[in-house]
Amino acid sequence: MQRKILVVEDDVATGTYLLTGLQKAGYDVEWAQDGSGGIELARRQDFDGIVLDRMLPGMDGLLLLQTIRAEGVNTPVIILSAIGKTDERVRGLRAGSDDYLIKPFEIDELIARLEVLQRRQGRSATVVTRLTCEDLTLDLLASRAERAGQVLLLQPRARQLLEFLMRNQGRIVTRSMIYEKVWNLDFDPGTNVIDVYVSSLRKEIDRPGLAPLLQTVRKSGYVLGLPGNVDPQM
Amino acid sequence: MPIGRTWPLATWLRDRQGRRPIWRSTSARFLLLHLALAVGCTVPALLYVYIKTDQILLEDFQRPLEFRQSNLEKQYRIGGIDKLTLAVTSRAERAHRDRTAILLVDRHGRKLAGNLAAWPAGVGSPQDWTPTMLRHDRAAKSEEYLTLTTRLPTGHSLLLGGLLDNRVDMQTALLRGLAAAFALAIPIGLLGSVVIVHEMNRMVQAIAVVGHQVAAGDLARRATTDGSGDPVDRLRTTLNVMLDRLEVLVGEHRMLTDALAHDLRSPLTRIHIQLAHAQDDAPGLDQRPRFRAIEQEVELVLHMLESALEISRAEAGIGRGAFEAFDAGELLRGLGEIYQPLALSRTVGIAIECASGLDMLGDRGLVARAVANLIDNALKYGVGGGEILLQATAEGDAVHLVVADRANGIPADRRGDALRKFGRLDDARSSPGSGLGLSLVSAVASLHRGTFVLEDNHPGLRARLILPRNLDSSHIQQGVPS
């Protein structure tokens, strides 16, 4: 079934960019150009995600979000904002958003984040102690990773990276998502640290003779899974 | 100054460590002034009591003497100088009983009758009631008498005095009583002064607490007014008016920066999007470097805009309401790990020395950006001199985050330039950067009420970011607009 996304964005160029990019990724998109239109559409609750601009004519994006959350709408929301300040991010999360993306952004980054949110939304509340991707396993309690029965030697940070990739297997995770989740940084420091860790992780996971699991998606990020099992929408 | 429910005077005394001498403080001057006024009012009052009591005492002495004087004058009117001489002689004979000094002399000063040997030197005639030292015939020494002298129409002079034998004793007792009252007035006045200064400090402290809370980011905090209209109430009202204005200005500043961010970033975002579309349209291979160059320039402008806005907001104190607890040591270790591969690619090592348990309250994201800027600078300008040191230590109530390199450093007289916005030093102009990196670090320090200093690392540069740990609960999110 085609997934539906509501875009609330007043800027025509950005709205068009979102509409085109999301439709190209296979989403059914509805676009509201102001806050009141956005609220009306959001109340229908038949969307899989909402992409909400922070500053809208007539109504602040945060107020819109607070309003729909107060009415019980729990659709995942990503705020798009020109303001990258940490306290603004905190304000957005306090108002009920699930993620926060700073303009300008790559459409692939937005799609990757939407995918992660939807995956999180559909996941059961049970605590996972073991992650599996093909013949790769990660025991979270024992902090032990194995591929095809062989124990992988991983540094703590590499293990965190692997856990993040395994939790989102089959979907692209972008560099900024990795910085956020693995290093707890809300900005890109512009170093090659992710490449270094991905490279060392790849050496351990994809040993000679095994099918490669860790894929690099050019200009977007990384995805864990056999090439045939990667989400076609990506 | 820490805010809490402590005894204000004790707080004041504790906070005096390392400040101006206590006697030059406002409280001490106020206390001394009040004490001086209390003593200054007591002394005239005591003097008045003394003088008035002495006056009453003399009047009591004077009354029987006036009666005797009246009798003598009556004798003179009846029988002239002869009758008066007899009366004076009679009075002199009885003088030892009522302690009277009496003398009648002729116009040449020769004694006619009385119990004094001669007219006392320096005593005029006539003269109103005056205490005078006299020695009568039977006395061994001079004593004080209340004396009246009269010149008679015949040229004779009459002196009549009563011994003031109790006056000295009464004066001594009175002086002792008054001295005791004065001695008591000093501690009572001092106690009153302390109570008043304490009350004054309590009121000022309450106003200072409001100022402190507002400075910590709680812009909605106001002083409580009582409507009395007295100077302290007017001060509170004026402070509240000022804070109202401040809140409006900060709100306007926030709106302005938000609008600026939105209005400038939106066209830049559109350029970015158009670039993405243009690149998707598969330009010729020879055009791609140009597209990439434009993209990099747009990214640089966006980065500069972001930094300028961060600095502006941090300098305005916006964001203190979103402070969270985090471990500064863990933050520095993480950043060291992130920059390690880049450092290795430039053949320089990064050494990390972090104390454990460096919890602090602050904007983790901004502190991370600030330290990342310092490491980035060290990797740009500090390579070639050896290892880069990242150090996190606790010093008193503050965390010191240090990034030190062993390269050429910055001369002491140029360090101020390096901290100015867009203040790039000459040798940094050829390398990419916004010129806002160190300004941002400075603004982050200011947001956290800390300091940022550039020091000589002998050789090299040591950048030290000093941030108060702010673990006092009064700094935790206090209703800053969110």
Side-chain angles (χ1 to χ4, degrees), chain A residues 9-18 20-21 24 53-56 60-62 80-95 102-108 155-158 160 178-180 182-197 199-200 219, chain B residues 254 257-277 279 298-299 302-303 305-306 309-310 313-314 318-324 326 330-331 334-335 337-345 363-369 372-373 375-376 379 477 480-482:
Chain A
E9 169 63 74
D10 63 310
D11 184 71
V12 176
T14 310
T16 309
Y17 177 64
L18 287 167
T20 313
K24 205 185 276 184
D53 185 30
R54 166 75 173 75
M55 294 177 89
L56 293 165
D60 183 77
L62 292 187
L80 298 180
S81 176
I83 309 163
K85 181 75 178 60
T86 310
D87 73 309
E88 285 298 325
R89 193 181 291 264
V90 171
R91 290 176 75 195
L93 294 173
R94 277 186 195 162
I102 300 159
K103 293 178 180 178
F105 55 88
E106 299 288 345
I107 193 71
D108 292 343
Q155 297 293 325
R157 195 70 80 178
Q160 276 178 268
I178 293 173
Y179 276 125
E180 270 179 43
V182 180
W183 275 278
N184 195 14
L185 276 192
D186 62 1
F187 63 99
D188 184 345
T191 75
N192 56 343
V193 69
I194 292 179
D195 303 322
V196 170
Y197 275 86
S199 171
S200 74
K219 289 180 71 179
Chain B
R254 189 175 199 146
T257 52
D258 287 359
L260 192 67
H262 188 261
D263 292 351
L264 280 179
R265 293 192 69 137
S266 293
L268 287 168
T269 302
R270 285 194 285 272
I271 293 171
H272 201 261
I273 290 166
Q274 293 302 330
L275 271 173
H277 285 317
Q279 291 193 81
V298 171
E299 280 168 5
L302 278 164
H303 177 67
L305 180 63
E306 182 67 29
L309 287 169
E310 294 275 21
R313 291 163 66 88
I318 298 170
R320 289 198 182 108
F323 276 7
E324 57 183 349
F326 67 91
E330 179 270 332
L331 173 79
L335 286 168
E337 185 184 298
I338 285 171
Y339 280 93
Q340 199 73 262
L342 186 63
L344 286 175
S345 73
D363 187 325
R364 188 187 185 283
L366 270 184
V367 174
R369 269 176 210 238
N373 279 353
I375 302 173
D376 201 47
L379 286 171
Q477 304 175 9
V480 162
S482 56

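Please read these numbers as outputs of a predicted model, since none were measured by experiment.
Neither the backbone nor the side chain of Q340(B) comes within less than 4.5 Å of any heavy atom in chain A. Contact annotation for L335(B): only side-chain heavy atoms (C-beta onward) come within less than 4.5 Å of a heavy atom of chain A. Only the side chain of A372(B) comes within contact range of chain A, with at least one heavy atom under 4.5 Å from a heavy atom of that chain.
At a threshold of 4.5 Å between non-hydrogen side-chain atoms, the residues Q160(A) and W183(A) do not count as touching. Annotation: side chain of L18(A) is in contact with side chain of L80(A) (closest heavy-atom distance under 4.5 Å).
Using a 4.0 Å cut-off between a side-chain N of Lys or Arg and a carboxylate O of Asp or Glu, D186(A) and R364(B) do not qualify as a salt bridge.
Of the listed residues I194(A), V196(A), N184(A), the one with more heavy-atom pairs under 4.5 angstrom with chain B than any other is N184(A). Between chain B and the options D195(A), V193(A), L185(A), heavy-atom pairs under 4.5 Å are most frequent for V193(A).
Distance check: F187(A) CZ to N373(B) CG gives 7.5 Å after rounding to the nearest 0.5 Å. For the atom pair E9(A) CD and K103(A) NZ, the distance stands at 4.0 Å (nearest 0.5 Å).
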